[in-house]
Amino acid sequence: MPTGLFSHSLCRLHEMGEGHPECPERLDAIADRLLLTGLTDHLQQRQAPEADPADLLLAHDALLVARVRELSVQLASGQDGAESGYRVLDPDTRVNAHSWAAALRATGAVVAATDAVINGELNTAFCAVRPPGHHATRSQAMGFCLFNHVAVAARHALDRRGLECVLIVDFDVHHGNGTEDIVAGDDRILMVSFFQHPLYPYSGTEPQASNLLNLPVPPYTRGPEIRSLIETHWMPRIDAFRPQLILISAGFDAHRLDGLGQLGLVEADYAWITRRLKDMAQRHAQGRIVSSLEGGYHLDALARCVETHVRVLAEL
Ligand SMILES: [Zn+2]
């Protein structure tokens with residue numbers, strides 16, 4: 001069965017100012033690499049639909065949704081008076097006139113990909129979208145993230161599509177505090193992650209609920225140690241949980257070249273992690289995996305890591 005590649009051109013139009021690492025060029029680097037290596041030909045490319053704003057309420061407070069929409073729409077209509085063209089949501093997160101549209105496509109991609117794998121149209125899918133999502137909490141946009149696409153998709157699969165248990169894997173170098181905030185205590189969801197600590201957002205070391213398995217690791221931890229931790233801690237938990245769907249918050253900023261973190265992963269480590277998750281998906285979830293781009297700021301490394309990840313997802 002095919003692997004889907006979901007994206008949308010509107011995801012490029014959201015940007016947060018000159019020099020911001022979470023930039024539109026990230027998606028260009030990924031698209032170029034997938035094209036250059038011929039992978040694009042083997043993937044089922046799909047335009048991300050717009051999420052219904054009601055989808056966002058599966059994981060977010062109405063106030064947050066309304067605020068992002070209002071700021072973005074005001075900027076688009078010129079009513080806002082913000083000469084910079086941006087409004088600040090937190091010290092490193094801004095919206096521009098296109099942010100609302102971009103975020104709706106990003107969430108829409110992950111929800112549509114989830115539907116496609118549940119419907120059996122696709123086996124696995126990668127969503128090349130931005131803004132990313134895993135720092136967005138129920139009520140707060142932060143850390144480059146506006147809405148939490150993976151958390152929305154998990155709730156969509158459970159509340160609307162009748163699945164009973166969904167695994168969320170977060171391998172971004174930063175702790176997925178937003179996802180944790182939304183899913184903590186929801187025993188239909190198991191969230192497993194590793195992340196550098198200490199590092200933004202400086203959370204995740206204290207257990208918040210029994211459905212969260214966090215592995216904080218110190219700076220300069222390299223691939224072999226991460227693999228060993230995953231094998232020892234994640235795999236038995238996932239096996240016991242028997243997820244019907246695997247959602248991945250796929251950040252590639254734990255790569256050794258990435259400037260936002262200090263971990264030492266390389267392409268082969270991402271291939272290994274993806275392979276192990278494929279094994280779990282095949283054992284428990286009819287192979288169903290939906291992966292969504294989170295971080296990854298060294299453009300060349302990001303592009304190579306996504307290529308590697310998608311190759312394993314699609315068995316190419
Ligand atoms: Zn990150």
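For ligands, and for the atoms within them, numbers begin at 1 and follow the listed sequence.
- Checked options Val183, Thr114, Val290, Leu158; the residue passing with Val166 is Leu158 (criterion: side chain to side chain contact (heavy atoms under 4.5 Å, CB included)).
- Asp253 contributes atom OD2 as its closest N/O/S atom to the Zn ion (ligand 1).
- Note on His135: not counted as a metal contact of the Zn ion (ligand 1), no N/O/S atom lying under 2.8 Å.
- As for His174, its N/O/S atom nearest the Zn ion (ligand 1) is the one called ND1.
- With respect to Asp300 and Arg33, no salt bridge is recorded, no charged nitrogen being found less than 4.0 Å from a carboxylate O.
- Checking His134 against Thr179 by side-chain atom types alone, no donor-acceptor pair falls below 3.5 Å.
- The closest approach of Asp172 to the Zn ion (ligand 1), by N/O/S atoms, is made by OD1.
- The Zn ion (ligand 1) has no N, O or S atom of Glu294 under 2.8 Å away, backbone or side chain.
- For His135, the side-chain hydrogen bond (donor to acceptor under 3.5 Å, both in side chains) partners are Asn177, not counting sequence neighbours.
- At a cut-off of 3.5 Å, with distance as the only test, no side-chain donor of Ser72 or Ser99 sits close to an acceptor on the other residue.
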